[in-house]
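Presented below is the structure to which this report refers.
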Amino acid sequence: MLTIHHKRYKFEPDLPHAVFVDGLYAGMLKNGRLCLDAPRGSYSIRVQFGGRIPIGKSGKSIDMSLSSTEQVEVPRDGNVTCEFRDRERLWNILFDIDLIAWIVSLFVTLPPLYKIVSDSFFAVWLIRQGRAYVDEQSAEVIAQQKGTTTSPGTNSPFRDRPVEENLRLFDHMNSGQCEPGTLVLRAKIDMAHPNMLFRDPLIYRVLNIPHVKTGSKWNAYPMYDFTHGQSDYLEGVTHSWCTLEFVEHRPLYDLFVGWMREWATECGEKAESDSKLSTLHSQLSTYQGPTQTEFNKLNLSYTLMSKRNLLALVQQGMVSGWDDPRMPTICGFRRRGYSPESIIKFIDKIGYTTYDALNEMALLESAVRDDLNSRAIRVSAVLDPVKVVITNYPEGQTEQLTAVNNPECEADGTHEVEFSRELWIERSDFQREAEKKFMRLAPGKEVRLKNAYIVMCDEEHPCDVDDEGRVTTIYCTYDPDTRSGLPGANRKIKGKTLHWVSCHNAVSAEVRLYDRLWKVENPRDEMAAIRDAQQCDAVTAMRQMINPDSLTILSHCYVEPFAADMQPLSYLQFQRLGYFNVDPDTKPGHPVFNKTVGLKG
C-alpha cells in the first residue's frame, strides 16, 4: 500500500499506483520529500505535459516527484509513463517531445513510455445517456446564457436534441470538415447550479490542427476539466495534486469521475469475460476514484507564469522562443544553466502551502549559485578585453600551466592553460590613474595572474591609448620566480588575483548576459492594472512592462580553448565573473555562452 505523508494530509490509497500531480509527478511524501514506498509490486511514474511546461507548476511538481534517483528508486518492474494530455492541442503542437525524455532522464534511468490520452469513447457514451449535447451557438451567446453568480443561466435551444442527431453532429466535429467554433459538445448538468462551472460546461471543441503524433485522426478535443478526471480514473490514480486555481473545479472533477465510474460499471457488466473491458472492470471494481488536492503554484518575482502570456511573448517575438533563457519554462531554465538539483533545492527552501505567495527570484538564484559552486568547471574568459604585453617575457615563447577544474571536487581533475607574452585581461581591471582603494592593475602596481606569475605595470609607459583616449595596450613585466607552484609564488603583494587568456590561442566567443525580463516585481498584477486602466490587450500591457535591457550580447569576448571545446549545456564558472552555460547555438570555432547567475547575490 502506498501512503502519502504531508504536513496537512495523510492518505492511504487502496491501489498500488502512483499519485498524479498536475505538472510532473511520481511519488509519496516522506520526511518532507516525495518518495515511492512500494517494496512489493510495481508502480508507474506518471508525468503530464500540456505545453512548454512553465516552472510555476512543474517546478514544484518535480520536487514533489522525480526529485532524483537517490530519492526515487525505480524497481525493475516499474515504469515511467509520460502522459501527453493533448486536450490542449494549442500548447501541444508547440511541444518538443524530446524534451519530455530529457526531463525524465534527469531523475530516473528508465526510458519513458508515452500515452496519448485524448479519445471520444466516453463522450459518445454520455451522448447516448442524454448527458451531453452538441451546441451550435457562438461562444459569446453561450457565455451570455451562463447567467451570473446571482442569477441562473438559460438553457440552450439545442439542449434537448435527439441522441441520434447529437451523435451525427459529434461525428461531424471529428471529421475535419467542421469549422472551429461552429459546434461544441456540452455536458448537460444544471444551468441554475450555484457553481457556474456546472452550467453545461463545454467538454469538446473543434481544432483542425494536425496533431504531433496522430495527425488528423480526430479533430474534436476535450477540455481540461472533462479529461482530467477521466484520465486519472482510467489510470487508477488515487490522488491528484493540482495548483490552487483548481479548488473551484474540484466538484466538477468529482462529478466527471463519478460518471466515468458509471461508464466502467456498465461497460464491464456487458463485456465478454475475456475482453479488455472486462479486465478493466475487474481491476477497477473496488476503486473509488481519485481525490484532488491543491497546493500553491511556484510564483516568482519579476516573472509571468501564465502559458497564454508566455505564448504571446513567443508569437510577438519579444523572446526568441520557448527555450529563451529568460523564459520561466523548464527548457528555458535548462538553456540558462539551472540544474535540476538547484531547482529542487530552491523548492525545498520555500516548501508547499495553500498560500499563493510571491517568491523572490533572488532565492532561486541563491539556490542555483550554491549548486553550481559544487559542480561548475572553472575556466578563464575575458568579456571586455584589453591587451597586456609582458615586455620581459621572451617573444614567441609559450608555456603550459596547470589549472584546477573544480576546487570543490578533486575528482574533476585539472587542465592545461597556455601562457604567453601577450594576454587579454578585463578592461575594468586596469586604471591609468588608480583610485585609492583600487587593488588591481595600475602604473607601478603588482597583481597576481591566476595560475601564473606576479606582474607589475610599467610606471614610465604603462599603456597606449587611441585618439579617443581609450586604452589599447598595457605594458607589464613579470617575476619569473613567482610562477604558481614555485616557492616565490608565496610572495605577499597588495594587488588582487586577475584572470586572463593568452592572445596566442584565445578563442573568440559570444556571451549573452541576462537580466530580469520584466521591469516590475509583480508583472501579473501590474499587467492586470494596466489592462484595467487603459482597456488594452495583454500584449500592449506587456510591452509597457518588458525590460529592454534584459539581454545584452557581447560579441568580442575571448575564452581559453578548454572552455571553447565544452559541450552544449555544460556548467561553467568564468573565474571572477559568474556562472555560465554553453548555449546550443554553439558552433565549431564560434562558442556561445549564457550567463546563468553571478558569483554573488
Side-chain angles (χ1 to χ4, degrees), residues 20 22-23 46-54 57 81-97 100 114-128 131-139 142-143 156 158 166-189 197 200-235 240 242 245-246 249 252-253 255-257 259-260 263 306-308 310-311 315 322:
F20 169 74
D22 188 15
R46 292 163 70 289
V47 185
Q48 178 205 1
F49 296 91
R52 286 286 181 174
I53 323 181
K57 290 184 180 181
T81 301
C82 295
E83 283 201 359
F84 197 51
R85 291 203 164 185
D86 45 1
R87 82 279 161 185
E88 293 286 2
R89 181 184 267 184
L90 174 65
W91 310 116
N92 294 325
I93 59 173
L94 303 169
F95 194 78
D96 179 1
I97 290 183
I100 299 176
Y114 296 101
K115 288 190 176 182
I116 304 296
V117 302
S118 285
D119 207 338
S120 58
F121 64 90
F122 187 40
V124 170
W125 182 82
L126 290 178
I127 293 173
R128 294 188 183 280
R131 301 185 190 183
Y133 63 96
V134 175
D135 198 335
E136 55 191 81
Q137 299 179 108
S138 68
I142 292 175
S156 165
F158 305 103
N166 279 320
L167 290 173
R168 179 180 59 79
L169 290 173
F170 188 59
D171 284 341
H172 180 58
M173 288 174 62
N174 264 313
S175 68
Q177 304 302 313
C178 181
E179 286 296 319
T182 58
L183 296 177
V184 294
L185 186 68
R186 299 175 66 178
K188 187 187 291 186
I189 305 177
L197 295 172
D200 290 9
L202 274 62
I203 57 177
Y204 272 82
R205 80 288 202 206
V206 176
L207 290 173
N208 293 327
I209 305 171
H211 190 278
V212 294
K213 298 293 285 186
T214 59
S216 300
K217 182 179 179 180
W218 55 66
N219 295 275
Y221 271 71
M223 305 298 287
Y224 182 87
D225 279 337
F226 179 68
T227 194
H228 185 188
Q230 176 188 159
S231 301
D232 288 351
Y233 184 85
L234 291 176
E235 287 295 314
S240 177
C242 303
E245 66 266 31
F246 290 99
H249 296 248
L252 188 60
Y253 173 89
L255 175 68
F256 287 142
V257 167
W259 285 3
M260 174 58 70
W263 167 85
S306 164
K307 284 188 291 187
R308 286 175 174 79
L310 299 183
L311 178 63
Q315 291 180 331
W322 288 94

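Worth knowing before you read on, the calculation uses all heavy atoms, side chains too, and leaves out hydrogens, waters and symmetry mates.
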Roughly how far, to the nearest 0.5 Å, is the CD atom of Gln137 from the CZ atom of Phe158? 6.0 Å

Say you draw a straight line from CZ of Phe170 to CG of Leu183; how long is it, rounded to the nearest 0.5 Å? 11.0 Å

Can you check whether Leu167 reaches Arg128 side chain to side chain, under 4.5 Å on heavy atoms? yes

Result for side chain to side chain contact (heavy atoms under 4.5 Å, CB included) between Val134 and one of Arg168, His172, Met173 points to Met173

What about Tyr224 and Phe246, are their ring centers closer than 6.0 Å? yes

Check: Asn208 main-chain N/O paired with Asn219 side-chain donor or acceptor under 3.5 Å: no

Are the aromatic rings of Phe226 and Phe122 close, with centres under 6.0 Å apart? yes

Leu202 and Met223: which non-hydrogen atoms are nearest, and at how many Å? O-CG, 3.3 Å

Distance in Å, Asp135 CG paired with Arg205 CZ, rounded so as to fall on 0.5 Å steps: 15.5 Å

Interatomic spacing from CG in Asp171 to SG in Cys178 - rounded to 0.5 Å: 11.5 Å

Hey, does Ile127 have a side-chain heavy atom less than 4.5 Å from the side chain of Leu185? yes

Between Tyr221 and Thr227, is any pair of side-chain heavy atoms under 4.5 Å apart? no

Can you see which heavy atom on Ala187 is nearest to which on Tyr133, and at what distance? O-CE2, 4.3 Å

Shortest non-hydrogen pair, Arg131 vs Trp259, comes out as NH1-CD1, 3.0 Å

Taking all heavy atoms of Asn166 and all of Ala132, pick out the closest pair and write down the distance. ND2-O, 3.9 Å

Interatomic spacing from CG in Leu197 to OH in Tyr253 - rounded to 0.5 Å: 15.5 Å

Could you give me the CA-CA distance, side-chain angles and deciding distance for Tyr204 and Asn174, then say whether side chain to side chain donor-acceptor pair (under 3.5 Å) is met? CA-CA 10 Å; Tyr204 272 82; Asn174 264 313; over 6 Å; no

